[in-house]
Amino acid sequence: MALRYRNNLLRIGGLPVAGRPRDPELEQRLLATAWSLLTSNGYDALTLTQVAAQSGAHRTDVYRRWRSKVRLVADVLDAYLPPVPDPDTGTVRGDLRAFAEDLAGAWNEPWNDGLVGFLADLRGDSDAERTFRSLVARRSQPLVDAIARAVRRGEIAEVPELPFVGNLLEGPVMHRRMFGGEPLTSHELDVVTESVHRLLTGTSVTP
């Protein structure tokens with residue numbers, strides 16, 4: 001009689017019976033190893049076989065949980081990216097400048113150079129993309145809260161398109177890192193912050 005596993009259930013003759021449950025400690029070890037490899041070698045060099053070997057696990061332990069590298073890395077980022085701080089400086093300008101500084105620090109990490117490949121691979125994996133979008137939404141919450149405080153203080157007349165605000169802040173930082181290879185200077189972060197602040201508050205932007 002054939003014995004086989006499917007969806008973590010042992011099937012005997014097509015009938016499911018109690019099978020091997022997932023080992024949460026092993027899963028955490030695999031994620032930790034993948035994070036270490038990602039931050040040291042980058043996305044392009046990462047392989048599922050390498051994660052298994054350095055975790056002291058079998059390849060099937062990895063492939064049973066993540067069918068692709070992009071799906072594994074989406075879960076790794078979800079688990080290990082540090083939270084975005086909520087500065088609450090008392091002004092929207094101060095909050096925006098703090099967010100810009102944090103974004104610049106995050107994008108200055110060398111392993112981000114390989115994220116172009118990760119973002120391209122996301123398009124072919126709906127589960128990984130869903131995980132990543134949920135992560136982005138969660139990490140955007142401090143900015144959402146900062147804008148809400150600014151509206152309550154009367155600094156902003158109405159709530160803007162919040163994803164657009166985040167794009168205005170992060171876009172220049174990400175573009176410089178990915179295509180220029182260098183971080184924005186402190187002065188350039190001031191310019192980005194001031195430009196976004198003026199758009200939010202309705203004041204004119206000086207070229």
Side-chain angles (χ1 to χ4, degrees), residues 35-46 70 73-74 76-123 128-129 131-151 153 155-207:
W35 172 248
S36 177
L37 291 169
L38 177 67
T39 54
S40 59
N41 301 330
Y43 177 78
D44 292 337
L46 181 70
V70 67
V73 171
V76 167
L77 295 177
D78 190 45
Y80 281 94
L81 274 184
V84 175
D86 187 352
D88 195 2
T89 64
T91 68
V92 67
R93 180 188 278 108
D95 289 351
L96 291 172
R97 183 60 176 81
F99 284 125
E101 189 76 35
D102 184 74
L103 287 169
W107 276 103
N108 198 35
E109 294 291 337
W111 61 270
N112 278 309
D113 293 341
L115 282 189
V116 173
F118 169 71
L119 295 174
D121 288 348
L122 274 179
R123 299 174 184 174
E129 185 174 17
T131 298
F132 186 70
R133 289 189 180 279
S134 175
L135 166 65
V136 169
R138 188 169 66 252
R139 290 175 61 80
S140 299
Q141 190 58 46
L143 179 58
V144 172
D145 295 340
I147 297 299
R149 290 193 298 266
V151 172
R153 289 192 298 258
E155 295 177 274
I156 301 175
E158 58 185 20
V159 178
E161 291 290 335
L162 293 173
F164 185 61
V165 176
N167 291 342
L168 288 174
L169 276 177
E170 190 166 17
V173 176
M174 180 174 64
H175 187 276
R176 172 67 67 83
R177 178 63 193 180
M178 285 189 164
F179 299 102
E182 297 292 335
L184 293 179
T185 65
S186 180
H187 172 69
E188 288 170 332
L189 288 176
D190 287 339
V191 172
V192 170
T193 300
E194 189 62 24
S195 297
V196 176
H197 178 262
R198 288 178 176 179
L199 286 170
L200 287 175
T201 57
T203 57
S204 60
V205 178
T206 302

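Numbering of residues begins at 1 and proceeds along the displayed sequence.
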When every non-hydrogen atom of Asp102 is compared with those of Pro85, the smallest separation belongs to OD1-CD, 3.6 Å
Exercise. Let me see the working for Leu46 and Asn41 under side chain to side chain contact (heavy atoms under 4.5 Å, CB included), right down to the final yes or no.
Key: CA-CA 7 Å; Leu46 181 70; Asn41 301 330; over 6 Å; no
Interatomic distance, CG@Leu81 vs CG@Leu77, rounded to 0.5 Å, equals 5.0 Å
TODO: Compare all side-chain heavy atoms of Arg97 with those of Arg93 and state whether any distance is below 4.5 angstrom.
DONE: no
- Once the angle between the rings of Tyr80 and Trp35 is folded into 0 to 90°, is it parallel (under 30°), tilted (30 to 60°) or perpendicular (over 60°)? parallel
Distance col, row Glu194:CD vs Leu199:CG, nearest 0.5 angstrom, shows 10.0 Å
>> Has Glu155 got a side-chain atom pairing as donor or acceptor with Val92's backbone, closer than 3.5 angstrom?
In response: yes
Nearest heavy-atom contact between Phe99 and Ala146 is CE1-CB, 3.7 Å
Between Asn112 and Asn108, the two heavy atoms sitting closest are ND2-N, 4.4 Å
- Taking 4.0 angstrom as the limit, do Arg149 and Asp86 come out as a salt bridge? yes
Practice prompt. Decide whether Asp95 and Thr89 meet the rule of one side-chain donor and one side-chain acceptor closer than 3.5 Å.
Written response: yes
field: Side chains of Thr91 and Leu96 in contact at under 4.5 Å (non-hydrogen atoms)
entry: no
Kindly determine whether Ser134 and Arg139 satisfy side chain to side chain donor-acceptor pair (under 3.5 Å), including the steps that lead there. CA-CA 9 Å; Ser134 175; Arg139 290 175 61 80; over 6 Å; no
- side chain to side chain contact (heavy atoms under 4.5 Å, CB included) between Asp145 and Asp88, worked out: CA-CA 9 Å; Asp145 295 340; Asp88 195 2; over 6 Å; no
Closest heavy-atom pair, Leu103 versus Val173, reported as atoms and distance to 0.1 Å, is O-CG1, 3.8 Å
Heavy atoms, side chains only, cut-off 4.5 Å: are Val70 and Tyr43 in contact? yes
- Do Gln141 and Val144 come within less than 4.5 Å of each other through their side chains, counting heavy atoms only? yes
Using a cut-off of 6.0 Å, state whether more than 12 heavy atoms not belonging to Arg153 lie near its atom CZ.
yes
*asked:* Can you tell whether the side chains of Glu188 and Arg176 come within less than 4.0 Å, N to carboxylate O?
replied: yes
message: As a quick check of understanding, evaluate salt bridge (Lys or Arg N to Asp or Glu O under 4.0 Å) for Arg177 and Glu182, giving each step before the final call.
response: CA-CA 5 Å; Arg177 178 63 193 180; Glu182 297 292 335; over 6 Å; no
Check against side chain to side chain contact (heavy atoms under 4.5 Å, CB included), Val73 and Phe132: CA-CA 9 Å; Val73 171; Phe132 186 70; over 6 Å; no
Heavy-atom nearest pair, Leu189 first then Ala104, reads CD1-CB, 3.9 Å
Arg198 versus Thr193, side-chain donor and acceptor atoms under 3.5 Å:
no
Would you please test Asp44 and Phe118 for side chain to side chain contact (heavy atoms under 4.5 Å, CB included) and show each step? CA-CA 8 Å; Asp44 292 337; Phe118 169 71; over 6 Å; no
ask   = Does Leu184 reach the side chain of Pro172, with side-chain heavy atoms less than 4.5 Å apart?
value = yes
Point to revise | Minimum side-chain heavy-atom gap Leu143-Glu170 below 4.5 Å | key: no
When every non-hydrogen atom of Val84 is compared with those of Pro142, the smallest separation belongs to O-CG, 3.4 Å
